[in-house]
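Note sheet for the following structure.
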Amino acid sequence: MSFSDISFMKRALALAENALPNCPPNPAVGCVIVKDRKVIGEGFTQKTGEAHAEIMALRDAQSRGESVEGATVYVSLEPCSHYGRTPPCALALINAKVGRVVAALKDPNPAVAGRGLKMLEEKGVQVESGICAEEAEEMNIGFLKRMRTGLPFVRSKIAMSLDGDIALSNGQSKWITGKLAREDGQMWRARAGAILTGSSTVAVDNPQLNVRLPDVQRQPLRVIVDSHLTLNPELRIFETGPVLLVCSRYDIVRAQVFEDMGVEVLELPGADGKVDLQALIKELARREINEIHVEAGPKLNGALTELGLIDEYLIYMAPKLLGEGMRAFRLPSFHNMEAVPQLEFKSMQKVGEDVRFQLRPLK
């Protein structure tokens, strides 16, 4: 591994970021083709069913009039080796007669799982992996978790005051954080396959929970936990885009109203008349959801936390004191410190006037 290998791989990872809003359920992958220490082609994964990063980079090199024969290909995830929605990228690289392929990570997808690199090696292409692996892991943390465990990566986004409130006592929450923090939150929404919320949040805030960013071609599935189908069908969230309404008991009369609007209603009965949240997370994984972005109130955030279903907390803290307001989590009273959920800081970053914390449960 050389300094130039690291440099070109970091460029591939930067390209992969461009894919995050549109590529799910595929992983976000970037590719750089280098010959004689010069970049001759670049690309990143397009939306589902369209070209992968390697194909885009090969096309870019062709458009520049460059020959890729003998070139080195830097790719942030192992080239695929199977026929899925598109032909295998490993075969395209073999046919292009590249000389070396450097992958940041091997793909844990059972359909690939090292076979892409093996296919290349068997055809005389030099292969390496493991360069910038930690950064590549973070880039596709949801896809990688789903491939390894069969479960998506669940991230809860919370905007709160310094004294831990997400709303005033009267329910008003617009706006706790500033404009830049809200725009940053849109980026995290965009990379998710589903946005999960509860009926109370929808009823009180009347949100759309869509992605409002330029050049976004895909909207995440909006998933609402509404145990008894009590929501008003005229709320804004039902006006556009895909919505999955999850209840604990299927009421054919209430459900029909939503289904006539194009909303899917799913029954997942759990204990005490509530939705089975663990079954819901598994169902979303079955639907190829890599990342679930939670924007919910204290009840749903508390329930997900108690069940150990949240992989990351994305907390935007504003320099405000809301007084006697609404807390972010409804959790039971703990009687000893050993029982308290333990988190660790992944990152802290100032975003405008606010601070963004990324925290993950201690394993």
Side-chain angles (χ1 to χ4, degrees), residues 21-26 47-49 84-85 142-143 145-146 150-157 186 188-213 216-297 299-301 303-304 307 309-310:
N22 296 312
C23 70
N26 288 337
K47 67 180 182 180
T48 303
R85 295 182 178 96
F143 172 81
K145 184 187 176 191
R146 184 168 66 87
L151 295 172
F153 187 87
V154 181
R155 178 182 292 112
S156 179
K157 177 257 181 183
Q186 284 281 318
W188 292 94
R189 264 190 200 179
R191 64 178 284 165
I195 299 173
L196 175 62
T197 192
S199 57
S200 296
T201 298
V202 174
V204 173
D205 295 344
N206 195 16
Q208 290 179 295
L209 287 183
N210 59 352
V211 177
R212 297 181 293 276
L213 293 174
V216 172
Q217 305 165 26
R218 178 197 65 90
Q219 287 291 335
L221 173 68
R222 275 87 49 83
V223 182
I224 309 169
V225 175
D226 184 12
S227 295
H228 306 295
L229 297 179
T230 57
L231 285 174
N232 184 342
E234 296 182 3
L235 289 165
R236 294 198 304 162
I237 199 166
F238 299 116
E239 292 175 358
T240 57
V243 177
L244 174 65
L245 194 57
V246 189
C247 62
S248 60
R249 187 176 68 83
Y250 187 90
D251 181 313
I252 191 167
V253 176
R254 291 286 299 164
Q256 190 67 53
V257 174
F258 290 106
E259 289 170 345
D260 287 345
M261 299 165 56
V263 174
E264 182 184 355
V265 180
L266 176 66
E267 181 187 57
L268 289 175
D272 302 323
K274 297 176 182 178
V275 166
D276 186 335
L277 295 175
Q278 291 175 312
L280 173 57
I281 299 301
K282 289 177 182 177
E283 170 62 20
L284 293 176
R286 189 189 68 78
R287 296 178 183 222
E288 296 187 297
I289 301 295
N290 296 326
E291 294 186 12
I292 299 173
H293 181 86
V294 181
E295 292 197 27
K299 286 193 293 185
L300 185 53
N301 269 321
L304 290 167
L307 291 168
L309 294 175
I310 297 180

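Nothing here was measured: the structure is a model prediction, and the numbers come from that model. All values below come from the heavy atoms of this structure, side chains included, with hydrogens, waters and symmetry mates left out.
By the 4.5 Å heavy-atom criterion applied to side chains, Val257 and Leu229 are not counted as neighbours.
Here the closest non-hydrogen pair linking Arg146 and Ile289 is CD-O, 3.4 Å. When all heavy atoms of Val275 and Cys247 are compared, the closest pair comes out as CG2-C, 3.5 Å. Considering every non-hydrogen atom in both Tyr250 and Glu267, the closest pair reads N-OE2, 2.8 Å. Residues Pro25 and Phe143 come closest through the heavy atom pair O-CD1, 3.8 Å. Heavy atoms only, all atoms of each residue included: Pro220 and Arg189 are closest at CG-O, 3.6 Å.
Side chain to side chain, Arg218 and Asn22 fail the donor-acceptor criterion of an N or O pair below 3.5 Å. No hydrogens or angles considered: nothing links the side chains of His293 and Glu291 as a donor-acceptor pair under 3.5 Å.
In this structure a side-chain-to-backbone donor-acceptor pair under 3.5 Å is present from Thr48 to Pro24.
A side-chain contact (heavy atoms from CB on, under 4.5 Å) with Leu304 holds for exactly one of Val225, Leu309, Ile292; it is Leu309. Under the side-chain contact (heavy atoms from CB on, under 4.5 Å) rule, Thr197 has a single partner from Asp205, Ile224, Val294, which is Ile224.
Legend: residues meeting side-chain hydrogen bond (donor to acceptor under 3.5 Å, both in side chains) with Asn210, ordered by chain and number and at least two apart, are Arg212. The salt bridge (Lys or Arg N to Asp or Glu O under 4.0 Å) search around Glu264 returns Arg287, not counting sequence neighbours.
Distance check, rounded to the nearest 0.5 Å: CG of Leu268 to OG of Ser248 gives 9.5 Å. Distance CD/Glu295 to OG1/Thr201: 9.0 Å, rounded to 0.5 Å. For the atom pair CZ of Arg155 and CZ of Arg191, the computed distance is 5.0 Å after rounding to the nearest 0.5 Å. The line from CG of Leu307 to CD of Gln278 is 5.0 Å long, rounded to the nearest 0.5 Å. Interatomic distance, CG of Asp226 versus CZ of Arg254, reported as 8.0 Å (0.5 Å rounding). The CG atom of Leu196 lies 13.0 Å from the CZ atom of Arg222; values are rounded to the nearest 0.5 Å.
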Show me, pair by pair, the donor-acceptor contacts under 3.5 angstrom made by side chains of residues 232-244, not counting sequence neighbours?
| from | atom 1 | to | atom 2 | distance (Å) |
| --- | --- | --- | --- | --- |
| Asn232 | OD1 | Glu234 | N | 2.9 |
| Arg236 | NE | Asn206 | O | 3.1 |
| Arg236 | NH2 | Asn206 | O | 3.3 |

